[in-house]
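Have a look at the structure below before the remarks.
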Amino acid sequence: MAKPLFQALPGTRDLMSPDTDRMREFVAVFADEAAKAGFGQIIPPMFEDVGVFTRLGEASDVVSKELYDFRDKADRHIALRPEHTASVCRIFAEKRPLTPWRTWYAGPNFRYDKPQKGRYRQFDQVGAELIGSDEPDTDTELIALASRFYDRIGLKNVTLLVNSLGDATDRPRYLEALRTYFGANLDVLSEQSQITLKTNPLRVLDSKRREDAGLIADAPVLTDYLGDDAAASFERVKAGLRGLDIKFELAPRLVRGLDYYNRTAFEFISESLDGAQTAIGGGGRYDGLVEALGGPPESGVGFALGIDRTILACDAEGVFGAPDNSAAAVVVCTSPGTEGLEIADELRRAGIATTRADGTRSMKGQMKQAGKSGAKVALIVGPDEAEAGTVSVRPMLSDPNSSDGPTQSVVPRADVVTTVKEIIQ
RNA sequence: GUGGCCGUAGCUCAGUUAGGUUAGAGCGCCAGGUUGUGAUCCUGGAUGCCGGGGGUUCGAAUCCCCUCGGUCACCCCA
């Protein structure tokens with residue numbers, strides 16, 4: 001491979017035309033679903049004071065070792081956002097919008113991970129958050145928004161996993177039970193998990209190491225340790241999901257990677273993806289986060305969907321393909337004049353997407369380009385047309401030798417727009 | 001961060017096992033196949049410091065070391 005002077009940094013990608021068209025459409029569909037549910041868009045800055053993110057919990061890898069942080073010229077300690085939720089809470093604490101505040105977003109996040117398929121250092125998410133209500137039905141509403149979105153893009157093999165992480169006051173009793181349980185079985189537990197047990201017992205449940213599987217399967221279950229409020233809330237969410245006919249699986253050992261979650265936690269898993277990156281979206285309730293960022297004690301729920309992984313899943317299922325972005329018309333000009341430029345401009349002003357073949361090439365070369373452009377019609381101007389003030393209009397058929405369909409005609413310059421419109425109807 | 005596999009034209013890859021003349025294929029790209037027209041077909045053409053650096057050797061794409069990048073698993077997460 002030729003060695004380029006520069007190349008995209010590890011974990012970053014250059015998205016180009018069919019992919020970007022697809023992503024734009026993806027976000028457009030999400031925006032539409034979010035708007036239907038009463039959510040308004042926000043565009044937070046891509047970087048914040050590092051404290052905004054460290055408040056997410058030092059125990060999670062996302063903040064302890066994956067933060068992209070640096071000092072700016074005024075020696076501020078800054079970090080590229082690893083997710084949007086912290087920024088949303090910071091915005092709420094700072095601007096105090098009316099509650100309940102429904103908001104959605106789309107944009108890149110940054111995590112200094114070792115790249116892998118479906119895992120990039122810069123990756124895009126769409127998501128929605130609702131701040132200022134602890135009504136369990138809002139949890140259900142958010143899950144429904146994500147779920148309807150998947151329906152809309154045609155993704156089928158998605159499993160919704162649901163769990164309740166309890167309230168902050170329920171957590172210590174459960175953590176204690178976990179420590180006791182795993183502590184009694186240290187000899188069976190993998191070395192890695194023994195370390196995790198010390199720092200964050202919950203996370204041991206997330207281990208994918210084979211030797212831990214048996215132990216984890218029999219571990220104490222979080223939902224047995226819920227307080228009355230959390231338990232009632234969880235029941236209400238489950239009832240809501242049944243009412244909306246949204247299928248879910250209870251996942252008593254589902255713990256999420258960020259430490260701020262309480263009560264409802266959920267994750268969307270694609271059954272069409274193999275490998276380690278099957279979680280295409282997830283979220284939950286984070287009732288203490290706004291306050292932790294200096295705001296009022298308002299509760300929140302939200303979720304984020306990974307665009308890249310979701311599109312990977314779409315590929316696997318053969319749905320939500322790239323939209324056709326080819327121009328409707330293409331101009332072929334071998335005349336030395338500027339007719340080609342003028343005709344293209346005229347069509348564009350009339351709202352017709354128009355591209356141009358390379359004017360320095362021969363007629364045959366330009367026609368080849370016209371064929372590849374995917375345009376429905378070619379406007380041909382050679383010296384003859386230039387002289388006569390006409391344009392040859394050639395409908396571009398999939399088979400150039402087929403005799404059926406419209407044939408090439410010569411029209412006056414003034415009639416080009418209307419003729420093209422007729423052909424592309 | 002740890003470990004396995006991989007890195008040859010724009011793309012997909014052969015050649016690396018036992019080092020040996022100017023490094024190959026398919027696709028793609030460009031130009032022709034008579035005077036201005038997209039398929040196919042025919043002919044011709046361009047493009048690689050064989051990821052980079054160092055070493056062994058008379059000689060390295062082939063062997064050794066380092067490095068960079070990719071990929072997969074763990075870790076973690078979207």
Side-chain angles (χ1 to χ4, degrees), chain A residues 1-13 59-66 82-85 108-127 146 190-193 195-196 199-200 203-204 206-212 255-258 267-270 273-283 303-313 330 332-335 357-358 360-386 392-402 407-408:
Chain A
M1 199 157 311
K3 30 104 210 205
L5 191 52
F6 296 110
Q7 54 185 310
L9 257 11
T12 67
R13 297 155 303 149
S60 75
D61 284 15
V62 170
V63 334
S64 64
K65 44 191 221 202
E66 294 172 5
E83 51 128 53
H84 277 71
T85 306
N109 299 313
F110 306 85
R111 257 119 102 153
Y112 199 90
D113 255 4
K114 185 157 177 184
Q116 217 176 99
K117 187 176 188 182
R119 196 175 76 180
Y120 306 102
R121 288 185 176 175
Q122 176 178 335
F123 62 99
D124 282 273
Q125 287 184 328
V126 293
S190 69
E191 217 170 305
Q192 270 293 339
S193 290
I195 297 167
T196 313
T199 58
N200 197 335
R203 201 65 53 63
V204 176
D206 232 0
S207 165
K208 283 178 194 134
R209 279 171 294 268
R210 189 151 293 158
E211 59 262 50
D212 295 337
V255 294
R256 308 249 327 126
L258 286 322
E267 211 159 88
F268 294 95
I269 307 293
S270 168
L273 253 30
D274 40 49
Q277 272 67 49
T278 58
I280 56 173
F303 68 83
L305 313 182
I307 298 184
D308 315 291
R309 285 187 192 178
T310 306
I311 284 182
L312 242 31
V330 55
V332 168
C333 181
T334 58
S335 150
D358 179 348
T360 63
R361 297 211 188 166
S362 66
M363 175 67 71
K364 179 173 178 158
Q366 292 197 42
M367 283 309 292
K368 268 185 95 165
Q369 290 192 328
K372 275 180 282 202
S373 75
K376 292 198 184 72
V377 55
L379 294 315
I380 303 164
V381 183
D384 295 352
E385 287 90 344
S392 289
V393 179
R394 180 177 177 86
M396 300 297 280
L397 312 164
S398 43
D399 177 4
N401 290 334
S402 138
T407 50
Q408 183 168 331

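Every chain is numbered from 1 and lettered A, B, ... according to where its sequence line falls, protein lines coming before strand lines. The shown structure was predicted, so the numbers you read here are calculated from the model rather than taken from an experiment.
The base of B:C77 sits within donor-acceptor range of the side chain of A:R309, with an N or O pair under 3.5 Å. No hydrogens or angles were tested; on distance alone, a donor-acceptor pair under 3.5 Å links the side chain of A:K114 to the base of B:U2. Looking at A:R119, its side chain comes within 3.5 Å of the base of B:C75 through a donor and an acceptor atom. Between the side chain of A:R111 and the base of B:C76 there is no donor-acceptor pair of N/O atoms closer than 3.5 Å. At a cut-off of 3.5 angstrom, the base of B:U37 holds no donor-acceptor pair with the side chain of A:Q366.
Ranking B:G38, B:U71, B:C77 by closeness to the A:M396 side chain, first place goes to B:G38. In the set B:G69, B:G38, B:C77, B:G69 carries the atom at the smallest distance from any side-chain atom of A:P10. Among B:A73, B:C76, B:U37, the nucleotide with an atom closest to any side-chain atom of A:E66 is B:C76. Checking B:U71, B:A78, B:G70 against every side-chain atom of A:D113, the shortest atom distance belongs to B:A78. Here the nucleotide nearest the side chain of A:T196, chosen from B:C72, B:U71, B:C76, is B:C76. The side chain of A:I380 lies closest to B:U37, out of B:G38, B:A73, B:U37.
Between A:L397 atom CG and A:K376 atom NZ the span is 12.5 Å, to the nearest 0.5 Å.
Nucleotides B:U8 and B:U62, compared at atom C1', are 11 Å apart to the nearest Å. Nucleotides B:U47 and B:C29 have their C1' atoms positioned 10 Å apart, rounded to a whole Å.
To the nearest angstrom, C1' of B:A78 lies 15 Å from NZ of A:K117. The NZ atom of A:K364 sits 7 Å away from the C1' atom of B:G33 (whole-angstrom rounding). In this structure, the CD atom of A:E385 is 12 Å from the P atom of B:U37, given to the nearest Å.
Annotation: side chain of A:D308 is in contact with side chain of A:Y120 (closest heavy-atom distance under 4.5 Å).
Side-chain atoms of A:E385 come within 3.5 Å of backbone N or O of A:G382 as a donor-acceptor pair. In this structure, A:S193 contributes its side chain and A:T196 its backbone to no donor-acceptor pair below 3.5 Å.
One finds a side-chain N or O of A:S207 lying less than 4.0 angstrom from the OP1 or OP2 phosphate oxygen of B:C75.
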